[in-house]
Enquirer: 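Here it is, the structure, as structure tokens.
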Amino acid sequence: ERLKRGMVCKKIAIDKSVTIKKLMSLLDETSVNEVVVFDGQDEIITLKQNQISNMIEKAELYSPIEKYISFSSTRL
């Protein structure tokens with residue numbers, strides 16, 4: 001229903017060491033979120049909204065996101 005009216009897409013760039021809690025604080029509930037995860041200057045993966053939600057459901061709050069992603073994104 002919200003997509004029929006149009007929604008803002010928010011793209012966030014973060015380091016792989018960022019905790020799940022910090023990631024959650026950066027998300028916008030009124031937008032479609034996309035998270036680009038970096039290892040230093042190198043992009044590892046881009047997480048779509050459903051991947052972000054799945055990761056948050058399974059994750060420990062103070063764990064770094066790198067614990068829940070793999071370079072091929074097969075762990076999500």
Side-chain angles (χ1 to χ4, degrees):
E1 201 49 43
R2 295 186 316 174
L3 288 174
K4 289 181 181 179
R5 294 189 310 259
M7 293 181 69
V8 172
C9 292
K10 182 176 178 183
K11 195 168 195 174
I12 305 162
I14 58 173
D15 186 77
K16 67 179 185 174
S17 64
V18 169
T19 64
I20 297 297
K21 182 175 181 171
K22 177 63 177 176
L23 170 61
M24 291 171 63
S25 74
L26 297 171
L27 300 176
D28 183 348
E29 291 183 18
T30 64
S31 300
V32 175
N33 294 284
E34 196 171 274
V35 176
V36 183
V37 182
F38 285 85
D39 181 3
Q41 297 295 318
D42 300 321
E43 182 178 330
I44 298 174
I45 190 171
T46 299
L47 302 172
K48 304 293 185 188
Q49 183 74 45
N50 62 333
Q51 293 172 304
I52 298 165
S53 297
N54 289 340
M55 182 172 48
I56 289 171
E57 285 177 17
K58 299 172 186 175
E60 296 172 17
L61 204 54
Y62 294 100
S63 294
I65 62 169
E66 68 183 315
K67 183 176 176 182
Y68 301 98
I69 61 172
S70 67
F71 295 108
S72 63
S73 75
T74 56
R75 291 173 61 183
L76 296 177

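Bear in mind that the values here come from a model prediction, so they are computed numbers and not experimental data.
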Enquirer: Quick one: side-chain contact (heavy atoms from CB on, under 4.5 Å) partners of K22, sequence neighbours excluded?
Expert: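 Scan of K22 (side-chain contact (heavy atoms from CB on, under 4.5 Å), adjacent residues dropped) gives V18, T19, S25, L26.
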Enquirer: Among V35, I69, N50, find the residue that satisfies the side-chain contact (heavy atoms from CB on, under 4.5 Å) test when tested with M55.
Expert: I69
Enquirer: How long is the span from the CG atom in D15 to the CD atom in E66, to the nearest 0.5 Å?
Expert: 8.0 Å
Enquirer: Is I12 reachable from M24 through a run of hydrophobic residues whose side-chain heavy atoms are each under 4.5 Å from the next?
Expert: yes
Enquirer: Tell me every residue that passes salt bridge (Lys or Arg N to Asp or Glu O under 4.0 Å) with K11, counting only those two or more places apart in sequence or in another chain.
Expert: E34
Enquirer: Which pair of non-hydrogen atoms, one from P64 and one from S17, has the smallest distance, and what is that distance?
Expert: CB-O, 3.6 Å
Enquirer: Could you give the distance from CG (L47) to CD1 (I14), rounded to the nearest 0.5 Å?
Expert: 7.5 Å
Enquirer: State which residues pass side-chain contact (heavy atoms from CB on, under 4.5 Å) with S31; sequence neighbours excluded, sorted by chain then number.
Expert: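 Partners of S31 under the side-chain contact (heavy atoms from CB on, under 4.5 Å) test: V8, K10, D28.
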Enquirer: The test is side chain to side chain contact (heavy atoms under 4.5 Å, CB included); show your working for I65 and I20 and say whether it passes.
Expert: CA-CA 6 Å; I65 62 169; I20 297 297; 3.5 Å; yes
Enquirer: Between the main-chain N or O of N33 and the side-chain N or O of Q49, is there a donor-acceptor pair closer than 3.5 Å?
Expert: yes
Enquirer: For S63, give me all partners under side-chain contact (heavy atoms from CB on, under 4.5 Å), at least two apart in sequence or on another chain.
Expert: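 By the side-chain contact (heavy atoms from CB on, under 4.5 Å) rule, S63 matches E60, K67, Y68.
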Enquirer: If you group Ile, Leu, Val, Met, Phe, Trp and Tyr by side-chain heavy-atom gaps below 4.5 Å, do F38 and L23 land in one group?
Expert: no
Enquirer: Working to the nearest 0.5 angstrom, can you tell me the gap between T46 OG1 and I52 CD1?
Expert: 9.5 Å
Enquirer: In Å, rounded to the nearest 0.5 Å, how long is the span from CG of D39 to NZ of K16?
Expert: 3.5 Å
